[in-house]
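Single-structure report; data block below.
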Amino acid sequence: MQCTCVRQTDLPNTSKLYSDLIYRFDRVEDLYPGAPNNLDVIAQAAQFSFPDDRRAALIHALTPLNEGNPSLAELARPGTVAIVTGQQVGLFSGPAYTVYKALTAIRIARSLAERGVPAVPVFWLATEDHDFAEIDHTWVFGADYLPVKLRVQSPESNGTRPVGGLPMGDIPIEQLRSALAGLPFADEAVALVERAYRPGETMGLAFAAFVRELFAPFGLLLIDPMSPAIRAIAAPLMRDAVERMPELAEALIARSRELVERGYHAQVLVDNKTSLAFLLEDGHRIALRRSGDVFSAPRRKYSIAELAANAEHLSPNALLRPVIQDYLLPTAAYVGGPAELAYLAQSQVLYKKLLGRQPVAFPRAGFTLLDERAARRMAKYRLNPADLFVPERLLRERVARQLIPPDLSRRLEETKDSFRRAFDALESDLRRFDVSLAGAVGTGRRKIEYQAAKMARKTEAQMLLKDQQAQRDTSALHGLVFPEDHLQERLYSIVPFLAKFGPGLVPEIYEHVRVECPDHQFATV
């Protein structure tokens, strides 16, 4: 695998907060507990005391989902810390960055262990989320690299039940098989999916089975927050959060205002009616609205005391969730993407008030995977990685520009330069003669420059029209690298890449995870 680094700021939609976190930490050091991409910082953050009784209860609760995993015994030892990541459970592993998150956590844990700091990787299965529409589909590609959307049905997808507990209906295995046809390892990839995603299975258990098999050689532990045993361990902190909800909400409102005033963004909207918890009742996740010390659900109202007494049946919102997670686990670092790490700038105030410590926020590794044919196409059309993160129409224009014969391209540029010099001279002379004529020159200039640009575009389009191979190359490149105008890792499942490159892909990617560098990597496999 050959990798080329691309700065995160060259990727579309990189937020200012994330950019400063990874490249200008001095600007946000008061919002985060330590600099990212620094193992020394994590090793220092690992020096905290975790209660022995909570560790024992945690190991007991994790055993059913992780039996036989050697990392479980390691985590049971006093002093062992967790490097945590997670993802909303979804169809066929969800976006490929799910895999990159896990590999980053594994790499950090192993690197710490080599330094004498015992650490294990842990994957938080986000089964409590309730928006089934977000995870009932996945995207794959076939031999032509064009995106294909697959969707699973749920017998109950009304948006009130945690998605991890929803049983799946018809699973699009045959559609997957058809979409992957022509890829060399399609049969192996489909078989992996079939072993995990079975009709009638819940989304959470299917996702867990897929991740468990994919990372079996790496000792990745799984934790399901919907487990009653896990909820029982978390109850004391959840109770504390409920009892201090007005105070916590005010602190979050102040932090959100501060972020906006500093030119950043608040990832989660918080107001004086925000509740940091949902109620779990008969398998449903019920939204609560707060008014002072009273919480309103659709059918009744609850006092703070009533909610606190039912702490084991509450589910945290997005800002409280990481604090609950790091109360449950001896977390030294959390591996996340840009949005998740933005949450942590808000959640910091909750960590300070509820937990008294906060793990290091660590950016996950990011990859765009290419095969040699795609790399040759980039070289043929003289495209840099950042050139590909544009709509297909613009990519076609860039490719077409490269198809124009050098002499003709030079002549078009010379013509535009000639017009520009002529109008510069004419405007200068006319201003000396009569300044009122300068406006007419400007209008004429714009019209002629428009016509010259239009002629260039027509020439480019005609060249691309004549070169059908270039058209196919452009569609394939866009479909692989920036499908549906999204980063590859954010749209495609890992499954088509396994079908393309084989079961050795995940270990190969792992070897190129660089914990010291936050850049995105273009990787030719």
Side-chain angles (χ1 to χ4, degrees), residues 1-3 87 90-104 106-107 123 137-152 171-198 201 206-218 220 365-378 472-473 475-484 486-513 521-525:
M1 182 181 287
Q2 295 180 330
C3 294
Q87 179 61 28
L91 186 63
F92 303 167
S93 84
Y97 66 68
T98 300
V99 172
Y100 309 151
K101 283 181 176 180
L103 291 177
T104 307
I106 293 164
R107 171 65 81 182
F123 193 99
H137 62 278
T138 194
W139 291 83
V140 299
F141 58 80
D144 57 3
Y145 294 133
L146 299 183
V148 177
K149 189 176 185 180
L150 306 177
R151 189 182 297 276
V152 67
I171 299 173
I173 293 293
E174 292 309 313
Q175 294 97 311
L176 175 65
R177 198 185 312 276
S178 175
L180 301 182
L183 297 178
F185 298 94
D187 290 342
E188 292 92 330
V190 172
L192 171 64
V193 170
E194 282 188 296
R195 288 192 292 273
Y197 288 84
R198 296 172 294 181
E201 188 64 276
F207 183 95
F210 185 95
V211 170
R212 187 165 45 238
E213 180 172 351
L214 194 64
F215 292 100
F218 295 95
L220 181 68
F367 291 89
T368 294
L369 303 181
L370 309 174
D371 64 0
E372 291 183 355
R373 183 172 56 173
R376 287 196 300 269
R377 285 168 172 160
M378 289 180 64
R472 291 190 293 269
D473 289 349
S475 294
L477 268 176
H478 189 269
L480 177 62
V481 174
F482 201 52
E484 301 291 308
H486 289 77
L487 292 179
Q488 177 194 95
E489 62 181 17
R490 291 186 171 277
L491 189 79
Y492 286 137
S493 160
I494 197 64
V495 172
F497 298 103
L498 295 172
K500 171 63 180 178
F501 299 114
L505 176 65
V506 171
E508 189 171 2
I509 295 173
Y510 171 75
E511 293 300 325
H512 289 81
V513 172
Q521 295 191 72
F522 255 62
T524 302
V525 184

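The figures that follow rest on heavy atoms only: side chains count, while hydrogens, waters and symmetry mates do not. Along the sequence shown, the residues carry numbers beginning at 1. Just so it is clear, the structure is predicted and the values come from calculations on it, not from any experiment.
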So, does [X] use its side chain to make a donor-acceptor pair with the main chain of [Y] at under 3.5 Å?
X	Y	result
Arg107	Tyr510	yes
Ser475	Arg472	no
Glu489	Phe367	yes
Tyr492	Phe141	no
His512	Met1	yes
Thr98	Ser93	yes

Atom pair [atom1]/[atom2] of [X] and [Y] - distance to nearest 0.5 Å:
X	Y	atom1	atom2	value
Trp139	Arg151	CH2	CZ	9.0 Å
Gln175	Leu150	CD	CG	6.5 Å
Lys500	Leu369	NZ	CG	12.0 Å
Leu176	Thr138	CG	OG1	9.0 Å
Leu370	Gln488	CG	CD	7.0 Å
Leu192	Leu214	CG	CG	6.0 Å

Over all atoms of both residues, closest heavy-atom pair of [X] and [Y]:
X	Y	value
Phe210	Ala196	N-CB, 3.5 Å
Pro507	Phe218	CA-CZ, 4.1 Å
Leu180	Ala499	CD1-CB, 4.0 Å
Gln521	Cys3	OE1-CB, 3.2 Å
Val495	Ala189	O-CB, 3.9 Å
Ala365	Tyr100	O-CB, 3.3 Å

Any chance you could lay out the side chain to side chain contact (heavy atoms under 4.5 Å, CB included) test for Phe92 and Ile171, step after step, and finish with the verdict? CA-CA 10 Å; Phe92 303 167; Ile171 299 173; 3.9 Å; yes
So, applying salt bridge (Lys or Arg N to Asp or Glu O under 4.0 Å) with Asp473, which one of Arg377, Arg376, Arg373 is it? Arg377
Please walk me through it: do Ile509 and Val525 pass side chain to side chain contact (heavy atoms under 4.5 Å, CB included)? CA-CA 9 Å; Ile509 295 173; Val525 184; over 6 Å; no
Whether over 12 other heavy atoms sit under 6.0 Å from His137 NE2: yes
Other residues, nucleotides and ligands only: do more than 12 of their heavy atoms fall within 6.0 Å of CD on Gln2?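 Counting neighbours around CD of Gln2, 12 or fewer heavy atoms of other residues, nucleotides or ligands fall under 6.0 Å, so no.
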Side chain to side chain contact (heavy atoms under 4.5 Å, CB included) between Phe501 and Asp371, intermediate numbers included: CA-CA 9 Å; Phe501 299 114; Asp371 64 0; 3.9 Å; yes
I'd like to know whether Phe497 forms a ring pair (Phe, Tyr, Trp, His ring centres under 6.0 Å) with Phe185, so could you lay out the CA-CA distance, the side-chain angles of the two residues, the decisive distance to 0.1 Å, and finally the verdict. CA-CA 9 Å; Phe497 298 103; Phe185 298 94; over 10 Å; no
Set out, in order, the CA-CA distance, both residues' side-chain angles and the distance that settles side chain to side chain contact (heavy atoms under 4.5 Å, CB included) for Phe215 and Leu103, then state yes or no. CA-CA 9 Å; Phe215 292 100; Leu103 291 177; 3.6 Å; yes
